[in-house]
Amino acid sequence: MPHHALEILLTRLLTTDELHHATRTWPLAANHDATRLVALIGARTPGRAAHRLRRRLQTVGLPIDVITTPYPDANGQILLSAAFSPATQSVLENAARRAGQKPERFIEAALHRALAEHASQETDGLDKAVRQLLAHTTPAYLLSAVGHALTRLPEGPTP
């Protein structure tokens, strides 16, 4: 049976006692402030692994926000497993039923639309910024300045 790495994002940082209790339930690795955990779970699929992990950790009472795969699969997809309150679940199920979809597909489509809209807004914003810069310089100078800036970027992405 394959094993799947899963990341657990928490709604708050864990106390030392909570983390110790959780690691006795399942082997977990915590980040520096105990707001994110990583586990290795044996299951046929990442979805089943997330389900198994959530079921096991619910008994501990961890403040789980989302369980996700930390890396994309062969299709470039990541798993995002979120548990909703019964009221939220009911609203989602009703909206999915009206759209003629399963709740999982309804949420997936909504997430894809939101991500596409965000990407479009980012592109539009960058286009506007470049046009403003080009109003004050030539394309050659702008390209040179961008190349210069890119060679001096820090290692990680900037917020």
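Residues take their numbers from the sequence shown, with the count starting at 1.
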Nearest-0.5 Å distance that lies between atom OH in Y71 and atom CG in L79: 15.5 Å

Sequence neighbours left out, cut at 3.5 Å: what donor-acceptor pairs do the side chains of residues 56-66 make with other protein atoms?
from: R56; atom 1: NH1; to: T25; atom 2: O; distance (Å): 3.1
from: T59; atom 1: OG1; to: R56; atom 2: O; distance (Å): 2.7

Side chains of T68 and L9, heavy atoms from C-beta outward: is any pair under 4.5 Å? yes

Side-chain atoms of residues 131-150: list all donor-acceptor pairs with protein atoms under 3.5 Å, sequence neighbours left out, distances to 0.1 Å.
from: R131; atom 1: NE; to: D127; atom 2: OD2; distance (Å): 3.2
from: T138; atom 1: OG1; to: Y141; atom 2: N; distance (Å): 3.2
from: H148; atom 1: NE2; to: R152; atom 2: NE; distance (Å): 2.8

OG1-NE2 distance between T16 and H21, expressed to the nearest 0.5 angstrom: 14.5 Å

With a 4.5 Å limit on heavy-atom distance, are the side chains of L10 and L37 in contact? yes

Does N75 offer a backbone N or O that forms a donor-acceptor pair with the side chain of D73 under 3.5 Å? yes

Is it true that atom CZ of R24 has more than 12 heavy atoms of other residues, nucleotides or ligands lying nearer than 6.0 Å? yes

Got a sec, which pairs hit side-chain hydrogen bond (donor to acceptor under 3.5 Å, both in side chains) with one end in residues 2-12, sequence neighbours left out? E7-R36, R12-E18

Donor-acceptor list for residues 103-116 side chains, cut-off 3.5 Å, not counting sequence neighbours:
from: R105; atom 1: NH1; to: E108; atom 2: OE1; distance (Å): 2.5

V38 vs L6, side-chain contact (heavy atoms from CB on, under 4.5 Å): CA-CA, chis, key distance, verdict: CA-CA 6 Å; V38 175; L6 296 175; over 6 Å; no

Exam field: side chain N31 to backbone T35, donor-acceptor pair closer than 3.5 Å: yes

With rounding to the nearest 0.5 Å, note down the distance linking CZ in R48 to CD1 in I41. 15.0 Å

Atom of A5, atom of P70 and distance for their closest heavy-atom approach: O-CD, 3.1 Å

Taking side chain to side chain donor-acceptor pair (under 3.5 Å) as the test, write out the residues that go with R98, two or more places apart. none

Pairs under 3.5 angstrom only: tabulate donor-acceptor contacts from the side chains of residues 80-97 to other protein residues two or more places apart or in another chain.
from: S81; atom 1: OG; to: R54; atom 2: NH2; distance (Å): 3.4
from: S85; atom 1: OG; to: T88; atom 2: N; distance (Å): 3.2
from: S85; atom 1: OG; to: T88; atom 2: OG1; distance (Å): 3.0
from: Q89; atom 1: NE2; to: E93; atom 2: OE2; distance (Å): 3.1
from: N94; atom 1: OD1; to: R97; atom 2: NH2; distance (Å): 2.4
from: N94; atom 1: ND2; to: S90; atom 2: O; distance (Å): 3.3

In terms of side-chain heavy atoms, does D17 have a donor or acceptor partner in T15 at a distance below 3.5 Å? no

